[in-house]
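Reviewing the structure listed below.
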Amino acid sequence: MHNFDFVKPSSLAEAVKAMQAEGAQALSGGQTLISTMKQRLAAPAVLVSLTGIAEMKGVSVAGRVMTIGAATPHAVVAKEAAKAYPALAALAGGIGDPAVRSRGTIGGSLANNDPAACYPAGVLASAATIVTSRREIAADDFFQGLFTTALEEGEIITAVRFPIPDRAAYAKFLQPASRFSLTSAFVARTGSAVRVAITGASENGVFRWTEGERALSANFSPQAVKGLKANADDMIGDLHGSKAYRAALVGVMTARAVAMAMA
Amino acid sequence: MPKDFGIGASSKRREDVRFLTGQGHYTDDLQLHGQAHAVFVRSNVAHGRIRSVNTARAATMPGVLAVFTGEDFKDVGGNPAGWLIKSRNGEAMREPKRPVLAHGKVRHVGDAYAAVVAETYQQAKDAAQQIADDSVIEELPAIIDMAAAVADASNRVHDEIPDNLCYDWGWIEDNRARVDEVIKSAPHVTTLELVNNRLVPNAMEPRASIGEYFPGTGDYRLTTTSQNPHLTRLLVAAFVLGIPENKLTVVAPDVGGGFGSKIYHYGEEALVLTAARKLKRPVRWTAERSESFLTDAHGRDHVTRIELACDKQGNFLAFRTETMANVGAYLSNFATVTPTFLHGTLMAGPYKVPNVYVNVKTVFTNTAPVDAYRGAGRPEATFSLERVIDKMCRELNLDPFEVRRRNFITPDMFPYTTPVGLAYDTGNYEATLDKVMEIADVAGFEARRKASAARGKLRGLGLSTWIEACGIAPSHLVGVLGSRVGLYDAATVRVNATGNISVMTGAHSHGQGHETVFAQIVAEKLGIPESSVEIVHGDTSKIPFGMGSYGSRSLAVCGVAMSKAVDKIIAKGKKIAAHMLEASEADITFEAGKFSVAGTDKAKTFGEIAFSAYVPHNYPLETLEPGLEETAFYDPANFTYPAGAYLCEVEVDAETGKVDVVAFHCADDFGNIMNPMVVEGQVHGGVGQGIGQALCENTFYDENGQLLTGSYMDYAMPRAADLPFYNVDYSCQTPCTHNPLGVKGCGEAGAIGSPPAVVNAVIDALHRGGITHVTHIDMPVSPNRVWSAIHG
Ligand SMILES: Cc1cc2nc3c(=O)[nH]c(=O)nc-3n(C[C@H](O)[C@H](O)[C@H](O)COP(=O)(O)OP(=O)(O)OC[C@H]3O[C@@H](n4cnc5c(N)ncnc54)[C@H](O)[C@@H]3O)c2cc1C
């Protein structure tokens, strides 16, 4: 690790200001950033910690909308969202291990946009809104490919706003080593509209599986997507899963998510 | 009635008190005044010619104290191979020099070609990066695939070895023609090509070494993560650096797991000693986890074609094996014996097969060195055999239980000499098979399978009946076979004046539980409390010259040495007692901690005798030395042969290919049991590693020699959730006939017996589920591989 300066602002305004320094980078749970720095793959000059900003933490529910502060750790979401939005709470509770869940945050996960991360699927399938220090971004516009988002230089995610679906579930298939997602499906149904987001599978990161959505909008049952596959050409092929395997898992995990959502 | 102390009691592991409360003392915990930090500059290409290593800029960087390159070590010795293996044509194996730092060429990703010592770790790290930036290494085509390595004589890991072949070994060469003949004319031959996957040891504690030099005396001390401090001392002092052994102390304090990878001497140990001498300051190094992945000696990595010839009833007629064993870029200390004498000699299994021939070609590649890893050679043998037997049973539609039973060596046949040169002293293989079928409720399997099917899962049952050879010995025999070391062990029992005891052992405990179990044995034999016995190990300045811990040898070799030393204590105690009790030595009996004159009530306690030995006021000084301390060296007459039967039940999710091990049953014969709880723990750990190999662990080098599974993000270790509750039975006991404790060894058994049971269970599940085109899946049997096999 290279040397760096560390600031821990207590308000968003201070954080926005601190982010203007040369080589500044936001630090949330540090579960990704710190290990990248240890490997000397990142060397920010200033780390701006977001975990001391009260307005960026916590879970609140107003009617059918749940808002999660960007600096809220997964373990807190797993607990506090359990009643209002159990599928999202379960997703948070299935991330990593207890240490990761106590530190890692939703804001860090979304800003990082790891193609195998869980939250992007929940956010995209829920049609959530990403609230930043500058604007609001619809989930459909936020994720722009592997480790790429709509965020601009110095922009800080402050919260994520979820419309709570009528039925939802996340079916995660673990990559055997990292236990991130190998290919997982988040299914959300509100009224008759169904959104399916797949993470871990595509070379372009999280995506909406429109074919699955169409089938499920017509018939919300596991049978509707059984045997359906995603386009293998777009899939990641690596040691843990070939393109064809991931393409098939898209259908299998979507069906399982639907079964869970109906249970 | 279970005992509550002594031999056979499940005494709680006393070492766990410090391990579980954070009070263990590991190499990296040692902080020394004036210490400096070493960081290695490691190759990021698999194969390259070193054009220049430019250290000039690094040497002037802040905090840098010294810089070393391969040039600095080109005149000292290489790290030697412990066994000389001969090829079928009688030629000696090829034995390239393994330098402290690479010189001329780098031969695997992670190969260290320079090192920096600086005031702080970060400074050393910065300077190491500078050297990497300033050096020129011309990348050469990487040699990764073994078959290609042997076929292409122009591309060489070592320029002087044209076909990248270390040796081409035949065992037993005289059997070859007959085995070929039998296979040619056999009623049935089953052939299986398989891979025994390469494993990264992943000890919880990474390797670490601290060198010290004491200018006032010229003494050195090396504190290091070693399973065998005396062996490390011999290698680094006598072979590599030329330091007299008496001037070097090697200390291996608490060691957080080794599994084989810490048997060997590594160049980092020589570097920290050399740097300490140069700087006259302690120099420390602790591996980062990625260094562990890249440079700890890996395990396994065989590609095998095995043929099993039998009659239509499944009576075995012959086994023939052709194996390519990957040795990596250099010969690690026991790399040459692992695929040969620890593998080929086990290729008869527990079976009365008359004809066996094994051919092993050991090949250099641009990958990390490969050496013994928990089981070492025996898991490879067991996997090949138990898989091909299972395949044969399917081909001939025979019952796998019945086939094994039919072919077992029976109890009346011992001692039994196999066609691959071992003499099994005792065993009862059928008893372990019966036992495992009983504890696994094989009769109830069909009902369990139906219940799984109702949940959409395919259930399968996999059997493995395994044998291994532990406590490799005797020295004169292994000497003939090519060993350059002896394989005895040693212990000193020192009775203190107040009657409590320090036992100094050559065996090293790095998780096994020696401190508890060895104390149980001494306490039982002397009739004193376990708490009066302390086990001292891991420091060459304290212990007798022993060979350390590996090959499930600690109890069967060192434990026996210790038991013999205790016998000497008792014999001397009798002499002292005879004098004190004014009786003839022949009339003295020793029982329950008391020396008595037979037929009288005259007696002295063990404590009284000990006190008299050190305060010899009433003592036969004319004929007997004072003191009560004895050493024994023990060189076993034969290997020991633990054996057992393992049954694994899996559920396969055919949609995702995921395999769950839902039950695992072990019926082992370890001979006499000293501490049942420790034995169970050893089996649990070994089976866990075996399941890891079977389902999870994949060491993958791409064609450029980059290790794509160089971190836990891609290298899957088994976790608690991947493992079932084990059902372990060790009641089938045929005590070893040639050691006085009747013990056989249990440390590696689980890792040896379990992988084929798991894979057999997966294949069984698929077949019972109607997916009969799948005859084999290579390990690790990952979800992707199972799915591809089903849908491929
Ligand atoms: C062992 C392990 C297992 C894991 N398993 C999973 C898993 O199964 N599923 C899963 O989804 N994830 C998993 N993760 C990832 C983890 O859950 C975190 O979500 C992730 O590491 C990022 O969150 P963080 O808060 O730690 O972010 P940090 O590491 O602090 O930051 C990550 C990146 O986001 C930026 N950033 C952080 N917060 C903000 C913000 N508010 N606005 C703008 N930019 C910001 C940082 O500058 C940095 O570039 C795992 C991580 C580990 C170490």
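Throughout, protein chains are lettered first and strands after them, A, B, ... in sequence-line order, and every chain is numbered starting at 1. Not measured: the values here are computed from a predicted model.
Contacts of B:Tyr712 with chain A are made by backbone atoms alone, with heavy-atom separations under 4.5 Å and no side-chain atom involved. Only the side chain of B:Asp653 comes within less than 4.5 Å of a heavy atom in chain A; its backbone stays farther off. Looking at A:Gln175, only its side chain comes within 4.5 Å of chain B, counting heavy atoms on both sides. Looking at B:Pro783, the atoms closer than 4.5 Å to chain A (heavy atoms on both sides) sit in the backbone and in the side chain alike. Neither the backbone nor the side chain of A:Arg246 comes within contact range of chain B, judged by heavy atoms closer than 4.5 Å. At a 4.5 Å heavy-atom cutoff, the contact between A:Leu249 and chain B is made by side-chain atoms alone.
For the 3.5 Å distance criterion, the side chains of A:His240 and B:Asp714 qualify, holding a donor opposite an acceptor.
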From CA spacing to verdict: salt bridge (charged side-chain N to carboxylate O under 4.0 Å, His left out), A:Lys38, B:Glu288: CA-CA 11 Å; A:Lys38 279 184 172 173; B:Glu288 296 181 2; over 6 Å; no

Worked verdict on B:Lys125 versus A:Met1 for side chain to side chain contact (heavy atoms under 4.5 Å, CB included): CA-CA 9 Å; B:Lys125 190 109 177 142; A:Met1 202 184 281; over 6 Å; no

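Taking 4.5 Å as the limit, some side-chain heavy atom of A:His2 sits within range of a side-chain heavy atom of B:Asp126.
To the nearest 0.5 angstrom, A:Ser35 atom OG is 8.0 Å from B:Met713 atom CE.
Within a 6.0 Å sphere centred on CZ of A:Arg208, other residues, nucleotides and ligands contribute more than 12 heavy atoms. Within a 6.0 Å sphere centred on CZ of B:Arg57, other residues, nucleotides and ligands contribute 12 heavy atoms or fewer. Summarising the local packing, CG of A:Asn3 is surrounded by 12 or fewer heavy atoms from other residues, nucleotides or ligands at distances under 6.0 Å. At most 12 heavy atoms of other shown residues, nucleotides or ligands fall within 6.0 angstrom of atom NZ in A:Lys229.
Closest approach of B:Thr656 and A:Met253 over heavy atoms only: CG2-SD, 4.4 Å. Considering every non-hydrogen atom in both A:Ala177 and B:Arg719, the closest pair reads O-NH2, 2.9 Å. In terms of heavy-atom proximity, B:Glu655 sits nearest to A:Arg256 at OE1-NH2, 2.8 Å. Of all the heavy atoms in B:Asn784 and A:Leu239, the pair that sits closest is ND2-O, 4.2 Å.
In this structure, A:Tyr245 contributes its side chain and B:Gly657 its backbone to no donor-acceptor pair below 3.5 Å.
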